[in-house]
Amino acid sequence: MIEQKLMPLRDWREQRFVGTPPSVSTVKRWVKNGDIPTKKIGGSIFVILNEEMNTTGDHLVDAVLSS
């Protein structure tokens, strides 16, 4: 089994985007919609980096590529 690499959502938001990152509410909506792979541990949300790096952000494209 591959070890999950996790990054706190706040850090991911700041490091993933060049320039001004998306708003906190936008990122929370992405989490709620399942647009970014996350894991909740206690009260904190972490991005699963291994999975995030293998997604395009388009559910249809991701489904085709994963099959």
Side-chain angles (χ1 to χ4, degrees):
M1 178 175 215
I2 297 174
E3 180 180 334
Q4 289 183 338
K5 295 181 182 178
L6 305 175
M7 178 183 284
L9 185 61
R10 179 182 332 127
D11 295 345
W12 176 84
R13 178 181 161 264
E14 294 170 0
Q15 293 180 22
R16 179 68 165 82
F17 298 92
V18 177
T20 306
S23 68
V24 171
S25 60
T26 297
V27 174
K28 286 183 178 183
R29 184 176 63 245
W30 292 345
V31 170
K32 183 179 177 183
N33 293 341
D35 295 331
I36 49 178
T38 57
K39 182 174 190 173
K40 189 169 185 179
I41 301 174
S44 300
I45 299 173
F46 296 86
V47 175
I48 305 170
L49 296 177
N50 322 45
E51 293 179 25
E52 189 265 339
M53 295 302 290
N54 293 322
T55 59
T56 65
D58 183 311
H59 294 294
L60 181 59
V61 172
D62 291 341
V64 170
L65 292 175
S66 67
S67 50

Review point. Is there a donor-acceptor contact under 3.5 Å from the side chain of N50 to the main chain of Q4?
Key: no
Check your understanding: When hydrophobic residues are tied together by side-chain contacts of less than 4.5 Å, even through go-betweens, does I48 share a cluster with M53?
Key -> no
**Study point:** Nearest heavy atoms of P22 and R13, plus distance in Å
**Key:** O-NE, 2.6 Å
Revision key, fill the gap. Salt bridge (Lys or Arg N to Asp or Glu O under 4.0 Å) pairs touching residues 14-34, sequence neighbours excluded, are R16-E52
Practice item. Mind checking side-chain contact (heavy atoms from CB on, under 4.5 Å) for S44 and listing every partner two or more places apart, or none if nothing turns up? Key: F46
Review point. Linking Ile, Leu, Val, Met, Phe, Trp and Tyr by side-chain heavy atoms under 4.5 Å, what else ends up with I45?
Key: M7, L9, W12, F17, V27, W30, V31, I36, V47, L49
